[in-house]
Amino acid sequence: MADLPADVADVAVVGGGPAGVAAACAAAEAGRNVLLLDEAPKPGGQIWRHRTGPPQPAREWLARLTASGAKVVSQASVFDAPDPRTLCAEHEGGVLRVRCEKLILATGARERFLPFPGWTLPNVLGVGGAQALLKAGADFSGRRVVVAGSGPLLLPVAASLAGAGARVALVAEQAPLSRLFPFVARLAGSPGKLAEALGYRFGFLRSPYRTGVWVRSAAGQERVEEVELTDGNRTWREACDVLCCAYGLVPNLELAALLGCAVRSGAVVEGESQETTVAGVYSAGELGGIGGVDLALATGTIAGLAAAGRAAPPPLVRQRERGRRLAQRLAATFSLRPELRSLPSAETIVCRCEDVSFGALDPGWSPRQAKLATRLGMGPCQGRVCGAACEFLFGWPADTVRPPVKPTAIANLIATSEAHG
Amino acid sequence: MTERIEVRIDGRTVEVEAGISVSAALWNAGVGRGPLCAMGICFECRVTIDGVRHRRACTTTVAPGLEIATGG
């Protein structure tokens, strides 16, 4: 590994979403040499994804990132971290090695997919996934779309799709009205947030938003053609060209786990200054618990300041506290109903990479046993899709993590293998 | 107003908007089965780009003359 060229920085940030951007800005503006590694072609993560021009407030933050002097390396996929001061990333087909004094993890979140009959049909994709695809230039005009699953994300995505000319037939939230109503009522205390939510709802006003409704199955020949929905009593079908279905977000914990950072209840254990249990490693954004952009900006800034040896100003700490409370309310409001565990049939694929069906899995197994018996989780997604599903279906915790945490060419593993002796 | 460029999808020349992702280009051309996560996690969007296999279409931007192969 000594032969590989290395980028050296005071502070390395992994992830270019709001948290990573805020962290990089804070550390760079405090005078540190900052390197930000991001997988996507442009920084912004998911919520600030753009092609031609970022939306506000992204525009200001991204301009601030450029002005801060932080070095941004896009299309860099971190696949190993042999120690808390060293990162190995795949970049332009080869290896980029980074050496740093402080490391800030801001690897964000992914969607939780739950298996149901027909979920592997073409044109069944995620909710955030549909938004990402739309923002990346996909044409949804004229497509009949059902948006389903759970979480506040259903609203802006339905609005975006409708705005792009899709016919949104239905938005189906599995959480019951009895839980959603108090959540929305409490939003009245944050007029800005309430206005935001109402704005989204007006974006797809001609489409119904149903609560306590979920997808039972999808059917079609070459692609999805209709969806079977239920409210627990009545079951009906809705014709569609596209089904967007995902059940909330889960943090991308793999790199944090690889480094040995303590994780509790599916989130990285963070201290007052966003420090993890590993010295010199900080965590920001969704890693600390799904909480959205305002919380990500607060935790990212606090982490960046801390990595630069600065204390967080009290208003920022208060912003974080507010964000944490909102995150707790989100988790409670949109918690998943048990009926979703009964959706898959024996033939329903659970591990899409390795074609492992629900019927092949023994709920009494550990994740390790399941992997050894069926290859569940051994495909290219490395259990990111089926792992979150099995955690919900069977209560299986995530298995231990080993490098590479992202697939990469063997040549890159060989080039970095000396680090492991 | 938006710049348009040419890429090749499975040997066929297709005109696409500059700056879109390969996933979006495939979706608009009606080719392939479409992504699942569309954000670089699930690896279902893998295609061969300019001869390099296992490239994620969703995290790759189109470029003039890009050779995209969806099979294999």
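Of the atoms belonging to Arg223(A), not a single heavy atom falls under 4.5 Å from chain B. Only the side chain of Cys353(A) comes within contact range of chain B, with at least one heavy atom under 4.5 Å from a heavy atom of that chain. Neither the backbone nor the side chain of Lys42(A) comes within contact range of chain B; no heavy atoms are under 4.5 Å apart. Residue contact with chain A, scored on non-hydrogen atoms closer than 4.5 Å, is absent for Arg55(B). Residue contact with chain B, scored on non-hydrogen atoms closer than 4.5 Å, is absent for Leu134(A). Residue Val124(A) touches chain B through its backbone alone, counting heavy-atom pairs closer than 4.5 Å. Of the atoms belonging to Val242(A), it is side-chain heavy atoms, and not backbone ones, that fall under 4.5 Å from chain B. In this structure, chain A has no heavy atom under 4.5 Å from any part of Ala29(B). Only the side chain of Gln75(A) comes within less than 4.5 Å of a heavy atom in chain B; its backbone stays farther off.
Other residues, nucleotides and ligands contribute over 12 non-hydrogen atoms within 6.0 Å of the CZ atom of Arg8(B). A 6.0 Å sphere centred on CD of Glu15(B) holds more than 12 heavy atoms belonging to other residues, nucleotides or ligands.
Of the possible donor and acceptor atoms, one in the side chain of Asn28(B) sits under 3.5 Å from a partner among the backbone N and O of Asp139(A). Using a distance-only test at 3.5 Å, with no hydrogens or angles considered, no donor-acceptor pair links the side chain of Arg110(A) to the main chain of Met39(B).
Inter-residue side-chain proximity for Leu133(A) and Ser23(B) is flagged as met; some heavy-atom pair is nearer than 4.5 Å. Proximity of Pro407(A) to Arg46(B): side-chain heavy atoms (C-beta onward) are nowhere separated by under 4.5 Å.
Atom SG of residue Cys42(B) and atom CG of residue Leu125(A) lie 9.5 Å apart, to the nearest 0.5 angstrom. Residue Cys37(B) holds its SG atom at 10.0 Å from CZ of Arg352(A), rounded to the nearest 0.5 Å. Interatomic distance, Ser21(B) OG to Lys135(A) NZ, rounded to the nearest 0.5 Å: 13.5 Å. Atom CD1 of Ile41(B) is separated from atom CD of Gln382(A) by 10.0 Å, given to the nearest 0.5 angstrom.
Contact detail for Ala38(B) and Ala132(A): the closest heavy-atom pair is O-CB, 3.5 Å. Here the closest heavy-atom approach between residue Ala24(B) and residue Gly137(A) is recorded as CB-C, 3.5 Å. Summarising the geometry of Ala138(A) relative to Trp27(B), their closest heavy-atom pair is CB-CD1, 3.6 Å, with the distance given to 0.1 Å.
Interface remark: of the candidates Thr60(B), Thr61(B), Thr59(B), Leu26(B), Thr59(B) forms the most heavy-atom pairs closer than 4.5 Å to chain A. Across Arg51(A), Glu39(A), Arg49(A), Glu111(A), the residue that shares the most heavy-atom pairs under 4.5 angstrom with chain B is Arg51(A).
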